[in-house]
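What follows is a set of notes on a single structure, which appears directly below.
Below, chain A is the first sequence line, B the second, and so on; all start at residue 1. If you're wondering where the values come from, they're calculated on a predicted model, not measured in any experiment.
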Protein chains: 2
Amino acid sequence: MTNLLKDKKLSETPFRKEVLAIFKNYKTAIPMAVIERDLKDYNRITLYRTIKIFLEKGLIHEISMTGESANYALCLSDCSATVHHHQHVHFKCTQCEMVSCVEVTAFPSLQLPDYKIEQLEIQASGICKSCLQGE
Amino acid sequence: MTNLLKDKKLSETPFRKEVLAIFKNYKTAIPMAVIERDLKDYNRITLYRTIKIFLEKGLIHEISMTGESANYALCLSDCSATVHHHQHVHFKCTQCEMVSCVEVTAFPSLQLPDYKIEQLEIQASGICKSCLQGE
DNA sequence: TAATATTTGCAACAATGTTGCAATAAAAAT
DNA sequence: ATTTTTATTGCAACATTGTTGCAAATATTA
Ligand SMILES: [Mn+2]
Ligand SMILES: [Mn+2]
Ligand SMILES: [Zn+2]
Ligand SMILES: [Zn+2]
């Protein structure tokens, strides 16, 4: 298990460690509200700053889906604020509302005449694994 | 030219007509800030309510791209708040910052084991037509 | 034109996000 | 292990964004 904070040259503070631990607790992406709720010692301003710096360092990435408030998830590959090396799809379950990062073997590609595409983001919605299993 | 407001059973008020005219002026998607700036007679609250009801009636759709504030664009097909029949990609130019709806002949498809996909949204970023033409 | 239904804009509020700054804590240097 | 230096935290205060009740104004229907 690597030390994500040290790797990204961030000071190891109790607050940051706690936020990181919360991310690791979830297999899904989470919104601010969940972090807020899970933090033992919550401070609104510090949380904003923590999220911001985690984004800048490419420790987490933001997931914005139409009509939703932003969700956040750990980056699994080695990312920076601007360049993310993910090859995964963001999935929103319309039943349980969960947002998750789903790895795909063949990531779709797309060509547009007149446009030079540098990055593709794919957001799917539908029914997730556990909701399908009648849970 | 059809009457979008009457079609959607919305009262034809000067405010709504003006907002609609602004949308028609642009070939791209636009954020609230642009509408705000272009309106001769701007009222924050009424604008929020107008956008909300246009969304509900499927007159416009919202485009949320990672890190951006929401953009809005007219629906060209016949849409409702929940069901949009677009088969287009959302493109954000990293140079001129424009967000636009781009029609594609072959819309990519995707299968995920364990997930039932009901809708796919694709957001591309890169360099747009006019920026490519060295403008 | 009158009656009814809807929209508008004000006021007041709620939620979300930002900044300066002094106290505090972490990292680096001795 | 202390000290020095650097970075983070949390408060207060503010800025931006979005919402709601309600009376006046406007649009639609009769
Ligand atoms: Mn992801
Ligand atoms: Mn579109
Ligand atoms: Zn689900
Ligand atoms: Zn461009």
- Query: Whole-Å distance between dT7(C) P and Glu56(B) CD?
  - Reply: 11 Å
- Item | N/O donor-acceptor pair under 3.5 Å between Arg16(A) side chain and Thr50(A) backbone | no
- Message: Could you check whether atom NZ of Lys129(A) has more than 12 heavy atoms from other residues, nucleotides or ligands sitting under 6.0 Å from it?
- Response: no
- Message: Using heavy-atom distances to pick each residue's nearest nucleotide on DNA chain C, tell me which of Pro14(B) and Arg44(B) is more 5'.
- Response: Pro14(B)
- Whole angstrom value for the distance that separates C1' of dT6(C) from NZ of Lys17(B): 15 Å
- Task: Give me the one residue out of Gln119(B), Glu121(B), Gln123(B) that meets side chain to side chain donor-acceptor pair (under 3.5 Å) with Thr66(A).
- Result: Glu121(B)
- Item | Outermost nucleotides of DNA chain D that come under 4.0 Å of a non-hydrogen atom of chain A | dA7(D) to dA12(D)
- Query: Hey, which of these two, Arg49(B) or Ser11(B), hits DNA chain C nearer its 5' end, going by closest nucleotide?
  - Reply: Ser11(B)
- Message: Let me spell it out: for each of Thr13(A) and Leu10(B), pick the nucleotide of DNA chain D with the closest heavy atom. Which residue's pick is nearer the 5' end?
- Response: Thr13(A)
- Item | Minimum heavy-atom distance between Met65(B) and His90(B), given as atom pair plus value | CE-O, 3.7 Å
- Here the side-chain hydrogen bond (donor to acceptor under 3.5 Å, both in side chains) pairs for residues 35-49 of chain B, sequence neighbours left out, are Tyr26(B)-Arg37(B), Tyr26(B)-Asp38(B), Asn43(B)-Thr46(B)
- From NZ of Lys6(B) across to P of dT6(C) the rounded distance in Å is 16 Å
